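Okay, so here's the structure we're looking at.
Everything numeric here is computed off the predicted structure, so don't read it as measured data.
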Amino acid sequence: MNFLKRNLAILLYFALTAFPLFYFVYKYSSPYVGMIDFFDYYKLYEAMDYHAADSPLNMRLLSSFFVYLVNKAGLSYDTITQIDNAPFQKSIYFNAVFLNYIWVVLTCM
């Protein structure tokens with residue numbers, strides 16, 4: 001049981017220390033600057049249309065599938081961001097950034 005408590009404490013520590021970075025990326029970053037591949041993945045995130053995505057991005061389906069599922073579940077955080085007037089759904093961008101945050105935290109374990 002002590003092992004479980006220690007691992008949960010470490011997971012909580014990593015989640016709390018990485019959260020400001022997640023929030024900053026969601027609120028102030030833009031896929032137009034440094035994240036250009038987001039637009040290729042967007043076709044997968046929105047409709048899981050792997051025929052529309054360019055290769056090799058259409059072969060990286062696991063993380064795209066999870067973003068697609070979370071988006072269909074309706075998870076979103078609506079706040080004023082850098083991408084408010086962008087020509088794509090802000091909820092899909094949030095889910096992509098949020099799931100990458102989750103994967104980073106779990107990788108720290």
Side-chain angles (χ1 to χ4, degrees):
M1 195 63 164
N2 199 13
F3 176 76
L4 182 62
K5 284 183 182 180
R6 187 186 68 182
N7 282 344
L8 285 176
I10 292 171
L11 181 67
L12 182 63
Y13 171 76
F14 284 129
L16 289 176
T17 56
F19 184 79
L21 183 59
F22 154 69
Y23 189 76
F24 182 83
V25 167
Y26 174 59
K27 189 148 175 89
Y28 300 109
S29 72
S30 170
Y32 296 107
V33 180
M35 295 186 284
I36 300 298
D37 62 341
F38 170 78
F39 298 105
D40 293 320
Y41 282 112
Y42 185 78
K43 300 166 190 167
L44 294 171
Y45 296 157
E46 186 178 33
M48 276 309 291
D49 185 8
Y50 59 89
H51 294 293
D54 296 330
S55 181
L57 301 174
N58 61 357
M59 301 171 95
R60 300 175 185 155
L61 296 175
L62 190 60
S63 62
S64 301
F65 179 68
F66 283 116
V67 172
Y68 171 75
L69 283 181
V70 171
N71 189 51
K72 288 298 177 189
L75 180 66
S76 183
Y77 176 64
D78 192 24
T79 188
I80 297 171
T81 63
Q82 187 73 18
I83 58 165
D84 280 342
N85 297 322
F88 53 83
Q89 293 179 29
K90 193 162 78 169
S91 63
I92 292 177
Y93 183 71
F94 169 78
N95 289 326
V97 173
F98 178 68
L99 283 175
N100 279 317
Y101 159 73
I102 297 295
W103 303 144
V104 166
V105 169
L106 291 176
T107 301
C108 291
M109 291 302 294

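Between L12 atom CG and T17 atom OG1 the span is 9.5 Å, to the nearest 0.5 Å. One distance of note links CG of L69 with CG of L99; it measures 9.5 Å at 0.5 Å rounding. Interatomic distance, CG of D78 versus CG of D84, reported as 7.5 Å (0.5 Å rounding). S64 contributes atom OG, which lies 13.0 Å from atom CD of E46 (distance to the nearest 0.5 angstrom). Atoms CD1 and NZ, on I10 and K5 in that order, are 14.5 Å from each other to the nearest 0.5 Å. Rounded to the nearest 0.5 angstrom, Y41 OH and S63 OG are separated by 6.0 Å.
Looking at heavy atoms from C-beta onward, F94 lies in side-chain contact with L75 at the 4.5 angstrom threshold. Counting heavy atoms from C-beta outward, L44 and Y68 have side chains that stay 4.5 Å or more apart. Counting heavy atoms from C-beta on, the side chains of N95 and Y45 never come closer than 4.5 Å. T107 places none of its side-chain heavy atoms less than 4.5 Å from the side chain of V104.
Around OH of Y13, the count of heavy atoms belonging to other residues, nucleotides or ligands within 6.0 Å does not exceed 12. N85 CG: 12 or fewer foreign heavy atoms inside a 6.0 Å radius.
Linking Ile, Leu, Val, Met, Phe, Trp and Tyr residues whenever their side-chain heavy atoms come within less than 4.5 Å leaves I102 and L16 in two separate clusters. Under the 4.5 Å side-chain contact rule for hydrophobic residues, F98 and Y28 do not share a cluster. L106 and F3 are members of different hydrophobic clusters when ILVMFWY side chains are connected at heavy-atom separations under 4.5 Å.
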* Asked: How far apart are the C-alpha atoms of W103 and F66, what are their side-chain angles, what is the distance that settles it, and do they pass the side-chain contact (heavy atoms from CB on, under 4.5 Å) test?
  -> CA-CA 11 Å; W103 303 144; F66 283 116; 3.9 Å; yes
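In this structure, Y42 has its ring center at least 6.0 angstrom away from the ring center of F39. Ring to ring, Y101 and Y26 are not that close: their centroids are 6.0 angstrom or more apart.
Pairing each heavy atom of P31 with each of I83, the nearest pair is CD-CG2, 3.7 Å. Closest heavy-atom contact between A18 and V105: CB-CG2, 4.1 Å.
Although no hydrogens or angles enter the test, the distance criterion places no donor-acceptor pair under 3.5 Å between the side chain of N71 and the main chain of V67. Proximity of a side-chain donor or acceptor of K90 to a complementary backbone N or O of S76 within less than 3.5 Å is not detected.
Between Y93 and F88, the ring planes lie tilted relative to each other; the angle falls in the 30° to 60° range.
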